[in-house]
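The structure appears below as structure tokens.
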Amino acid sequence: MSSLKRFKSDLLYERASKVMVGGVNSPVRSFKYVGGRPIFIAKGKGSKIIDVDGNQYIDYVMSYGALIHGHANDKVLEKTIDIIEQGTTFGAPTEPELLLCEEITKAFPSIEKIRLVNSGTEATMSAIRLAKAYTKRKYILKFEGCYHGHVDQLLVRAGSGMATFGVPLSEGVDEEIASKTILCNYNDIEQLYKVFSTYGKEIAAIIVEPIAGNMGVVIPEKEFIFTMRELCDKYGSLLIFDEVITGFRVARGGAQELYNVEADLTCLGKIIGGGFPIGAYGGKREIMKMISPEGPVYQAGTLSGNPVACAAGLATISFLDQKSYEYLERISSFLEKEIYKIANEYSVDVKVNRVGSMFSIFFTNREVKDFQDVLSTNRDLFAVFHSMMLRSGIYLPPSPYEAMFLSTSHRVEDIQDTSLALQETFKSLK
Ligand SMILES: *Cc1c(COP(=O)(O)O)cnc(C)c1O
């Protein structure tokens, strides 16, 4: 196993720790869950990244799913640079934002009207505000283990008991606001019926990751998806799909296309910015018209619809066709088979949860269907696995709770190299 050169990365991290909180600008990057220190990345091309010390890795983070064509894709770059040269922001409407919005509404039949924002967090924050205004109700139902950005009302965990009202997951979140969120277990249909029969008429919306990606990948039962749709229709609540990861990832029209179901409101981000900051929320015309300037729900943004982000996002999604998704499925299923084969060879218990090009490796011999299942997996082993894979040139998310991603730039050779790293790693794990 090769060892990493680490000199400049450590120096930069030391300096960063003096001026940046935890040395990072977003907590998961700190390697808190796996131990060790983060690596500073210098550049990337396709499926590969190179750190500041010159070590090369095959990247399965892909900026947490934002990059579906890999790093510095030539075609995306070309379109983006063309726009940058015309000026970067105007605080006035531009054509790229219109083109992006038209493309998104074409891909998602449930999105008749859309509003662009600057992050996934902004999208979910605005979507629940809109849902509460539209239904004139206060409660939001979310699922344990789903992440929807760091919005106060969504940064909650279950108190004690079965279906419970939320308590703050973070200090600084008002208990009053947290208590307006009802927590349920992912994939628990019985609990949903129970909660709706008691509180249904007070629930403004369910917000859900239709394929969970933020407790690792957890796949929904089809029945779970249909039950949410049925209960929202019955009780007049809105169904909000947070497709920040799954939109354009699992299919062009996201999980909604895959499961043939329509959400009332959809949140997007990541891929639609082509590597630039973006978010979006949209849905039925009748609901969306409540947003300012058409309606009374205020929401605004200086850089919203930024032409550079929109050009990059537009280029990204216009280079995604049926063939891209077929290719992603092919190499991803090849990788999944390799993981099981090698784990079997060395008698390491693993469970791979995968939908298309998003997947997770859990160290367990059981099914992983909700957050409790995730917590029962061997997360210490994941930390060891992570650092050994890193040393073998495979860059995985530094947390058992983050999904892994492939891109259209990953090649069969990348999977073969990954298999070699898995061989060495699993051999010494057993
Ligand atoms: C990443 C993510 C968000 C938050 O998006 P940011 O751009 O990081 O604010 C929200 N929901 C889901 C499902 C995400 O994966």
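Worth saying up front: this structure is predicted, and the values here are computed from it rather than measured. Atoms within a ligand are numbered from 1 in the order they appear, just like the ligands themselves.
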- Which one holds for H148 and ligand 1: side chain close, backbone close, both close, or neither close, with close meaning a heavy atom under 4.0 Å? backbone
- Item | Heavy atom of protein inside 4.0 Å of atom 8 (O) of ligand 1, strictly below | no
- Any atoms of ligand 1 less than 4.0 Å from a non-hydrogen atom of E209? List them with their elements. 13 (C)
- Task: Kindly say whether A72 contributes a backbone atom to a donor-acceptor pair with the side chain of K45 at under 3.5 angstrom?
- Result: yes
- Enumerate the atoms of ligand 1 whose separation from the nearest heavy atom of G149 is less than 4.0 angstrom. 4 (C), 10 (C)
- Message: Less than 4.0 angstrom from a charged side-chain N to a carboxylate O is my criterion; do K180 and E202 meet it?
- Response: no
- Message: Quick test of your reading of the structure: of G120, A123, G213, C146, whose heavy atom lies closest to atom 6 (P) of ligand 1?
- Response: G120
- Query: Name the one of F31, Y33, Y395 that satisfies ring-ring contact (aromatic ring centres under 6.0 Å, His included) with H386?
  - Reply: F31
- Task: Please report which non-hydrogen protein atom sits nearest to atom 14 (C) of ligand 1, along with the residue it belongs to and the distance in Å to one decimal place.
- Result: K270 NZ, 3.0 Å
- Message: Closer than 4.0 Å to some heavy atom of I245 - which atoms of ligand 1 meet that?
- Response: 15 (O)
- Query: Does D51 offer a backbone N or O that forms a donor-acceptor pair with the side chain of Y57 under 3.5 Å?
  - Reply: no
- Item | F371 and Y401 aromatic ring geometry - parallel, tilted or perpendicular at 30°/60° bounds | tilted
- Below 4.0 angstrom from a heavy atom of D242, which ligand 1 atoms are there? Numbered from 1 as shown, please. 10 (C), 11 (N), 12 (C), 13 (C)
- Part of T124 with heavy atoms under 4.0 Å of ligand 1, whether side chain, backbone, both or neither: neither
- Polar side-chain atom of R37 near backbone of Y13 as donor-acceptor pair, under 3.5 Å: no
- Of the side chain and backbone of V244, name the one, both, or neither that has a heavy atom under 4.0 Å from an atom of ligand 1. side chain
- Query: Hey, does the side chain of S392 reach the backbone of M388 with a donor-acceptor pair shorter than 3.5 angstrom?
  - Reply: yes
- Message: Using a 4.0 Å cutoff against the non-hydrogen atoms of S119, which atoms of ligand 1 qualify?
- Response: 7 (O), 9 (O)
- Within 4.0 Å of some non-hydrogen atom of Y147, the atoms of ligand 1 are 11 (N), 12 (C), 13 (C)
- Within a radius of less than 6.0 Å around CD of E286, do more than 12 heavy atoms belonging to other residues, nucleotides or ligands occur? no
